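In what follows, a single structure is set out as structure tokens and then discussed.
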Amino acid sequence: MTSVIEAPAAPVLWITGLSGAGKSTLAQAVVARLRGEGLRPLLLDGDGVREALEPLASEGARHEHTPELRAARAWRMARLARLAAGQGVPVVVATISLLHAVQAWSRAGAVPYAEILLHADLEMLRQRKPELYCEGAACVVGMDIVPEFPLEPELVLHQSFDPADLPSYCEAALRTWRSMVHHRGASR
């Protein structure tokens, strides 16, 4: 029988927002900085997890975004994040997953958790991603699916899409990360 080595729970930093808001870009910048500090965070990006875990035999199914599939994917992300963090692996999540039930469940866990809402103006998103935000596009959060934005995110960043803003957004996200880690250490 193999013994289980218990590691202290690691933090989960959950970056959310509408499609095209820059979640992946911000998450990658945060992960790069954390790795530069000697940490080994796991990046769970919605697109990447979907590509890795959904059946390759059904190529089209990976690109379906019905409300039911969106909910299943959000729950999968939350469970994967908690599983990794519970084993001591720091996690940075980049996903839409705008469901209050998933957010509440993630907050209620035994791992440190913080949400960052990357807020982007819908009109700006329509200009940047016309293929997603056009009339008749099916199952788009923010268009035909009402987004359930976090009720009390630790940080709200207003996306300007100016590349010069990324370093300050990354710094703000890292402050949120450090606050979570500091709070966890203080509560022990």
Side-chain angles (χ1 to χ4, degrees), residues 10-54 62-65 69-70 73-78 80-82 84-85 89-99 102-103 106 112-134 137 139-143 145 147-150 152-181:
V12 173
L13 185 64
W14 189 279
I15 302 170
T16 191
L18 295 176
S19 185
K23 301 174 299 294
S24 296
T25 301
L26 177 59
Q28 291 166 3
V30 169
V31 165
R33 287 284 303 278
L34 292 172
R35 288 183 178 161
E37 295 174 10
L39 296 174
R40 298 296 302 160
L42 171 64
L43 172 59
L44 292 176
D45 182 272
D47 291 336
V49 170
R50 189 171 60 253
E51 292 291 318
L53 297 181
E54 293 189 11
R62 287 185 292 150
H63 303 288
E64 291 178 15
H65 301 294
L69 278 173
R70 286 188 180 281
R73 290 169 178 152
W75 282 109
R76 180 187 310 139
M77 291 293 277
L80 285 171
R82 185 182 286 182
V89 178
V91 180
V92 176
V93 176
T95 183
I96 296 172
S97 302
L98 292 168
L99 299 168
V102 173
Q103 295 158 11
S106 296
Y113 173 84
E115 292 167 344
I116 296 176
L117 173 60
L118 191 52
H119 177 75
D121 178 70
L122 191 54
E123 199 50 47
M124 199 179 272
L125 289 172
R126 280 188 175 119
Q127 292 170 9
R128 297 189 76 222
K129 299 278 187 170
E131 70 280 7
L132 291 176
Y133 290 100
C134 64
C139 300
V140 176
V141 176
M143 296 276 296
I145 299 173
E148 296 179 6
F149 292 110
E152 296 183 23
E154 282 70 15
L155 179 63
V156 177
L157 297 170
H158 295 277
Q159 180 61 284
S160 68
F161 297 105
D162 181 345
D165 288 338
L166 183 59
S168 66
Y169 292 169
C170 185
E171 281 304 318
L174 289 167
R175 281 192 301 275
T176 301
W177 176 275
R178 290 183 186 107
S179 173
M180 222 186 343
V181 171

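For clarity, every value in this text was computed on a predicted model and none was experimentally measured. Residue indices begin at 1 and follow the sequence shown.
Checking side-chain atoms of S179 against main-chain N and O of R175 turns up no donor-acceptor pair under 3.5 Å. Proximity of a side-chain donor or acceptor of R40 to a complementary backbone N or O of V89 within less than 3.5 Å is not detected. Checked by atom type and distance alone, the side chain of Q103 never pairs as donor or acceptor with a backbone atom of E115 at under 3.5 Å.
Residue pairs meeting the salt bridge (charged side-chain N to carboxylate O under 4.0 Å, His left out) criterion with at least one member in residues 16-33, sequence neighbours excluded: R33-E171. Residue pairs meeting the salt bridge (charged side-chain N to carboxylate O under 4.0 Å, His left out) criterion with at least one partner in residues 152-168, sequence neighbours excluded, are R107-E154.
Annotation for A173 and I116: closest pair CB-CD1, 3.5 Å, computed over non-hydrogen atoms. Residues A85 and V91 come closest through the heavy atom pair N-CG2, 3.9 Å. Across all their heavy atoms, V93 and A81 have their closest contact at CG2-CB, 3.9 Å. Across every non-hydrogen atom of V181 and P11, the tightest pair is CG2-CG, 3.8 Å. Smallest separation of non-hydrogen atoms from P147 and L98: CB-CD1, 3.7 Å. In plain terms, the two heavy atoms of P163 and P167 that are nearest each other are O-CD, 3.7 Å.
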Applying side-chain contact (heavy atoms from CB on, under 4.5 Å) to T95 and L44, what does each step give before you reach the verdict?
CA-CA 8 Å; T95 183; L44 292 176; over 6 Å; no
Intermediate values then yes/no, side-chain contact (heavy atoms from CB on, under 4.5 Å), L39 and W177:
CA-CA 12 Å; L39 296 174; W177 176 275; 4.1 Å; yes
Under the criterion side-chain contact (heavy atoms from CB on, under 4.5 Å), I'd like the reasoning laid out for L53 against L80: C-alpha separation, chi angles, the key distance, then a yes or no.
CA-CA 11 Å; L53 297 181; L80 285 171; 3.8 Å; yes
Take S19 and I96, measure what side-chain contact (heavy atoms from CB on, under 4.5 Å) needs, and give me the verdict at the end.
CA-CA 7 Å; S19 185; I96 296 172; 3.8 Å; yes
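Scanning for salt bridge (charged side-chain N to carboxylate O under 4.0 Å, His left out) contacts around E123 gives R126, with sequence neighbours left out.
Here the straight-line distance linking atom CZ of R73 with atom CG of L99 works out to 12.5 Å at 0.5 Å rounding. Note that the CG atom of D47 and the CZ atom of R50 stand 4.5 Å from one another [nearest 0.5 Å]. To the nearest 0.5 angstrom, I15 atom CD1 is 8.5 Å from L43 atom CG. Summarising the geometry, atom CZ belonging to R76 is positioned 8.5 Å from atom CG belonging to L69; distances are rounded to the nearest 0.5 Å. Remark: T16 OG1 to E148 CD distance equals 11.0 Å, nearest 0.5 Å. M124 contributes atom CE, which lies 6.5 Å from atom CZ of F161 (distance to the nearest 0.5 angstrom).
Looking at P90 and V12, their side chains never come closer than 4.5 Å, going by heavy atoms from C-beta outward. Counting heavy atoms from C-beta on, the side chains of L157 and L26 come closer than 4.5 Å.
Taking the six-membered ring for Trp and thresholds of 30 and 60 degrees, Y113 and W14 have ring planes inclined between 30 and 60 degrees apart.
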